[in-house]
Each structure stands twice: as C-alpha cells, then as structure tokens.
A.B. asks: 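Right, I'll just put the structure down here and ask away after.
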Amino acid sequence: MQIAETIQELRQARQKLSGRIGLVPTMGYLHEGHLSLVRTARAECDHVLATIFVNPAQFSAQEDLASYPRDLPRDLAMLEAEGVGLVFTPSAELMYPPGYQTYVTVEQVSQGKEGSARPGHFRGVATVVAKLFNLIQAQRAYFGQKDAQQVAVIRRMTHDLNFPLEIVVCPIVREADGLAMSSRNVYLSPAERRAAAVVPQAWQRAAQAYGAGERHPEVLRSIVREHIAQEPLARLDYVSVASARTLAEQDAPSEEPLLLSLAVQVGRPRLLDNCLLPMALNTREGASAVLGRIE
Ligand code: PAF
C-alpha cells in the first residue's frame, strides 16, 4: 500500500492507476463503518484510494478538533489489510496553506438539522470534499448513510459543480445493541454507552409505527421524543422527518421516501442516527438511489 503525504506524491501515484477508482474519504480513527465503505469500493472498483484527514474547516471553535481521536499507524494497518492501494494523508498546512481563501457553500440543503447545530460545518465538509475530488479524480466516492445530511450536501455540490463522479451511500454499521458506529463513541462512559442504546430504539419504534401504516410526520417525531425522554442520560437535540430527496421537513402524511433522523446528546458526544422509510431503502442500492437524489 502506498502512502502519499504531499500533492506531488499523490499525483504521481494516482497517474499509475488505471480503471475505475473508488475514493473513501475519512477523518481516520477507523471502525467497521469505514471498513464497510472500503469493502464496497473494493468490490465495485479497480482500485481503492482512501484519505485520512481531520479537516479543521469543518470544526467550530467550540468543537473537539484538538482532541478528536487519532491513530494513524492503526488506521494504515487496517486499510492495508483491506487491500487499499493508496492512502492520502495530507497535513492541515498542505490543504489550507497560508493565504488560503476559497470555500464551497451549498445553500438550502446545508440548513437545519446538523447545519443549525454546527454552523459552518457543511461549508468545511463541502470545501475539503471538493478539493479531494479535484485532486483524486475518482469515478466513485463512498460515504456512510449515518451522516445523511452530509451525503445530501455532497450530492448537491457534485451535481452543481459538475464533478464527473458517482456518489455511493452505504448503510449504517451498528454495534450489537444497535448503536451506530462512530469514532466519537469512545467518549462515552460505560453508563452513557448503555444509555446510548435509546437512540436506535427510538427510531426503530417510529419505523415500526410507519410499517404499521402511520404516515403522519408529527406522530413519528413524537414517538422518538417520548422514547428518548425516558432515558435520563440522553437529551434529544432534534428529531426530523424530512423528504429523503430534498431533506425538506415534512408536515403532511405522504408516501414519498422519508429520512427520519435524530441527534441526541449523551455525555460528551452528540450521537447521530437515522433511517430511511420505508425500511427496505436502508441498503447500498436504496440509500444511493434516494438520499439527496437530484432529478
Ligand atoms: O464523514 C467524514 O468523515 C468527513 O466529514 C469527511 C467526508 C471525510 C470530510 O472531512
């Protein structure tokens, strides 16, 4: 496995790769969720190119940039074991040298939900992903459904800026009790870790109601609110029932595909989770077809 730390090293190594390139952008501290992206990319592409970069532009001053978990040797060993051919590990100075002043803002779809909770976050994500798309020239890029609004932002940017690549969305990978895998789960104390199981339980209850015929968005939101309220260590930040395509919040019952998403503070981390409704959409094909789809 080749490791490129500079743009010149990346370009040289990239030039030697032919066929379909699958890009897996990450911030490192890899878990099974990232590896599922790598495995899907390997199954579908001739070469997998992963990036590891904790992107300062997507953290606000109050967030955990300095303490964000990092373990580069472990990440590289995991990627090598998965058959990744090339890893790009730039420094912050390389990506944002002195004098840097160009940012990408995706408008409506960046607003609300994570966009309200983390002002500037999606500007940072869109900027770094646009830079990686330009540098790497992949044919496909793989993202996790857990960050569903991020997927919709990246899809919109890819379309609006005419990047010639396909965005693939892979299902959420979960712990045995249903908690969505996340690098920030390491911040949970043992008691908080147990309490965190309410997050997947809450959307599962709403999904069951949907399966039984409930279509009113406010009823689905209330089911989530009531379940989270039962856990003293959990504080619901938001629950959203939105169009899976536009991410616009829904008020009226409909049969169009929905994204039910929630953010819950449990101790230090804000835990994100979601499901697509109907539940059959929570697959690589279903999520890639509907989430942030542009007609
Ligand atoms: O999802 C992430 O890990 C990051 O937001 C991404 C897409 C790698 C951009 O920094």
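In listed order, ligands and their atoms are each counted from 1. What you see is a predicted model, and the numbers here were worked out from it, not measured in a lab.
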A.B. asks: Between Thr51 and ligand 1, which residue portion shows a heavy-atom distance shorter than 4.0 Å: side chain, backbone, both, or neither?
C.D. replies: neither

A.B. asks: Which is closest to atom 8 (C) of ligand 1 by heavy-atom distance: Pro25, Gly28, Ala141?
C.D. replies: Pro25

A.B. asks: Are the aromatic ring centres of Tyr68 and Tyr29 under 6.0 angstrom apart?
C.D. replies: no

A.B. asks: Please identify which atoms of ligand 1 are closer than 4.0 Å to at least one heavy atom of Val128.
C.D. replies: 9 (C), 10 (O)

A.B. asks: Where is the nearest protein heavy atom to atom 3 (O) of ligand 1: which residue, which atom, and how far?
C.D. replies: Met27 CG, 3.6 Å

A.B. asks: Do NZ/NE/NH1/NH2 and the carboxylate oxygens of Glu256 and Arg215 come within less than 4.0 Å?
C.D. replies: no

A.B. asks: Quick one: which of Leu262, Leu236, Val239 gives a side chain to side chain contact (heavy atoms under 4.5 Å, CB included) with Arg221?
C.D. replies: Val239

A.B. asks: Could you identify the single nearest non-hydrogen protein atom to atom 1 (O) of ligand 1 and state the distance to 0.1 Å?
C.D. replies: Gln150 NE2, 2.8 Å

A.B. asks: Between His121 (side chain) and Gln58 (backbone), is there a donor-acceptor pair under 3.5 Å?
C.D. replies: yes

A.B. asks: With a 4.0 Å cut-off on N to O distance, would you call Arg270 and Asp237 a salt bridge?
C.D. replies: yes

A.B. asks: For ligand 1, which is the ligand I care about here, please tell me if Gln58 has any N or O atom under 3.5 Å from one of the ligand's N or O atoms.
C.D. replies: yes

